[in-house]
Structures are given as C-alpha cells and as structure tokens.
Amino acid sequence: AQVDGYMFVSKARFQTANVDMLGPSFDTDTDRMIFRSQRHRPDMFDVVYNFIKLPETINAMVGFGGKLWAFATTNTYRINTETLAIEDIIAGIGCADSRNVCVTDYGMFIADPKAIYRHTGQTLEEIGRAVTHTWRTYYASNICTAVEHSTKSILFFKPGSDTALV
C-alpha cells in the first residue's frame with residue numbers, strides 16, 4: 001500500500017545473510033509485521049526501525065484518508081503513517097485478502113463474512129448483509145470487488161460465477 005509518500009509492505013522475506021546482519025533479536029515472523037519505506041523512496045526500507053508488529057496476521061492493506069488500514073481476518077487496524085502507531089481497532093470486522101477491500105471517491109468498502117461495510121473516513125456503516133449461507137461460501141472463495149463510477153455502484157462477486165451483490 002502507498003500512503004503519504006511511503007510504501008508499506010508485509011510478509012517480507014529476508015535472505016539468511018541479511019537476517020544474520022540484523023542480529024539475533026530480529027523477529028523473522030513477518031506475517032504480522034508492516035515495514036515502511038523512507039518517504040518518497042519506495043525502494044528503501046530501514047527494517048530495523050521503521051516497522052510495526054500487529055497482534056495477528058495481516059491479510060490486506062490500503063491507504064485511505066491519509067492513514068494506513070491493515071486488515072486481519074476479524075479485525076481492522078487504522079495506523080498513523082508517521083508514528084506507526086495503531087490509532088484505532090475495528091473489532092469484529094476484517095477481510096480474507098485485498099480483493100475484499102475497495103477504496104473509491106465514495107469511501108472504503110469492506111466485505112467480510114457477516115456483511116458489507118462502507119467507511120466514509122469518519123464513520124463505518126453497514127450497507128449490506130449476508131442474505132444466505134451461500135455468502136459465507138463466496139467469502140471463503142475470495143470475493144472480488146469492482147467499481148462502476150458512472151452509476152456509483154460497487155459490485156462484489158465471486159470469480160467464475162454468475163452471481164453478484166450490488
């Protein structure tokens with residue numbers, strides 16, 4: 001994800017020689033870590049100092065409203081891009097991967113097994129509910145999102161299926 005001139009990455013993998021140089025206390029469990037590049041240098045990372053470790057595995061990240069949003073399976077984290085501090089946790093709402101989050105001019109949209117949500121930058125609102133048990137199957141199969149700007153619609157769909165939620 002890119003926000004405010006920074007590049008953010010997670011699930012990084014390091015070569016053994018590089019980890020040895022970082023020292024024995026360096027945590028190589030990067031599934032829960034987010035690394036921040038230098039400002040306006042998306043290819044330069046100081047992995048010793050510019051990172052944050054979240055309590056759970058990160059499935060997706062997006063930039064929205066000048067903040068970094070990190071998604072785990074059941075929680076969403078709003079992170080300050082300058083201080084790398086968690087500013088807010090939205091408990092109980094998460095996503096399986098980046099295809100379940102969509103940022104548009106109308107807000108950030110999140111699909112999880114329970115519902116579809118729209119975050120305006122100020123508030124979070126539920127805009128759709130799971131209609132049938134089939135929704136959970138769609139979610140587990142990685143729902144994709146698409147935006148149609150001319151009609152101001154957001155489409156959630158399962159690839160290879162003729163079923164969609166608008």
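Counting from 1, the numbers follow the sequence of the chain as shown.
Hydrophobic clustering places Met33 together with Met7 (ILVMFWY residues linked when any side-chain heavy atoms are closer than 4.5 Å, directly or through intermediates). Using a 4.5 Å cut-off between side-chain heavy atoms of Ile, Leu, Val, Met, Phe, Trp and Tyr, with links allowed through other members, Phe35 and Leu54 fall into different hydrophobic clusters. Residues Tyr117 and Ile90 share a single hydrophobic cluster, defined by chaining ILVMFWY side chains whose heavy atoms lie under 4.5 Å apart. When hydrophobic clusters are built by joining Ile, Leu, Val, Met, Phe, Trp and Tyr residues whose side-chain heavy atoms come closer than 4.5 Å, directly or via intermediates, Val103 is grouped together with Leu124. Cluster membership for Ile89 and Ile93, using ILVMFWY side-chain heavy atoms within less than 4.5 angstrom, is not shared.
Contact of the Phe8 side chain with the Thr81 side chain is registered, since non-hydrogen atoms from C-beta on lie closer than 4.5 Å. The side-chain heavy atoms of Ile34 and Leu84, taken from C-beta on, include no pair separated by under 4.5 Å. Residues Met108 and Val101 meet the side-chain proximity criterion, which asks for heavy atoms closer than 4.5 Å. By the 4.5 Å heavy-atom criterion applied to side chains, Ile86 and Arg78 are not counted as neighbours. The closest side-chain heavy-atom distance from Glu56 to Thr74 is below 4.5 Å. Between Asn59 and Asn100 there is no side-chain heavy-atom pair separated by less than 4.5 Å. Counting heavy atoms from C-beta on, the side chains of Arg36 and Ile52 never come closer than 4.5 Å.
Side-chain N or O atoms of Lys11 include none that pairs as donor or acceptor with a backbone N or O of Thr57 at under 3.5 Å. The main-chain N or O of Thr123 is found under 3.5 Å from a side-chain atom of Thr120 such that the two form a donor-acceptor pair. A side-chain donor-acceptor contact under 3.5 Å links Asn75 to the backbone of Gly92.
Closest approach of Cys95 to Ala111, counting heavy atoms only: CB-O, 3.9 Å. Scanning both residues, Asp97 and Ala60, for their nearest heavy atoms gives C-CB, 3.7 Å. Nearest heavy atom pair, residue Ser37 against residue Tyr6, reads O-CD2, 3.1 Å. Contact detail for Gly94 and Asp112: the closest heavy-atom pair is O-CB, 3.0 Å. Closest of all the heavy-atom pairs between Phe51 and Val48 is CE2-O, 3.2 Å. The minimum heavy-atom distance linking Ala1 with Leu68 is given by the pair CB-CD1, 3.9 Å.
Residue Glu125 places its CD atom among more than 12 non-hydrogen atoms of other residues, nucleotides or ligands, all under 6.0 Å distant.
A ring-ring contact (aromatic ring centres under 6.0 Å, His included) with His119 is found for exactly one of Trp69, Phe109, Phe71, namely Trp69.
Listed by chain and number, the residues in a salt bridge (charged side-chain N to carboxylate O under 4.0 Å, His left out) with Arg39 are Glu82 (sequence neighbours excluded).
Rounding to the nearest 0.5 angstrom, the gap separating the OG1 atom in Thr76 from the CD1 atom in Ile110 is 5.0 Å.
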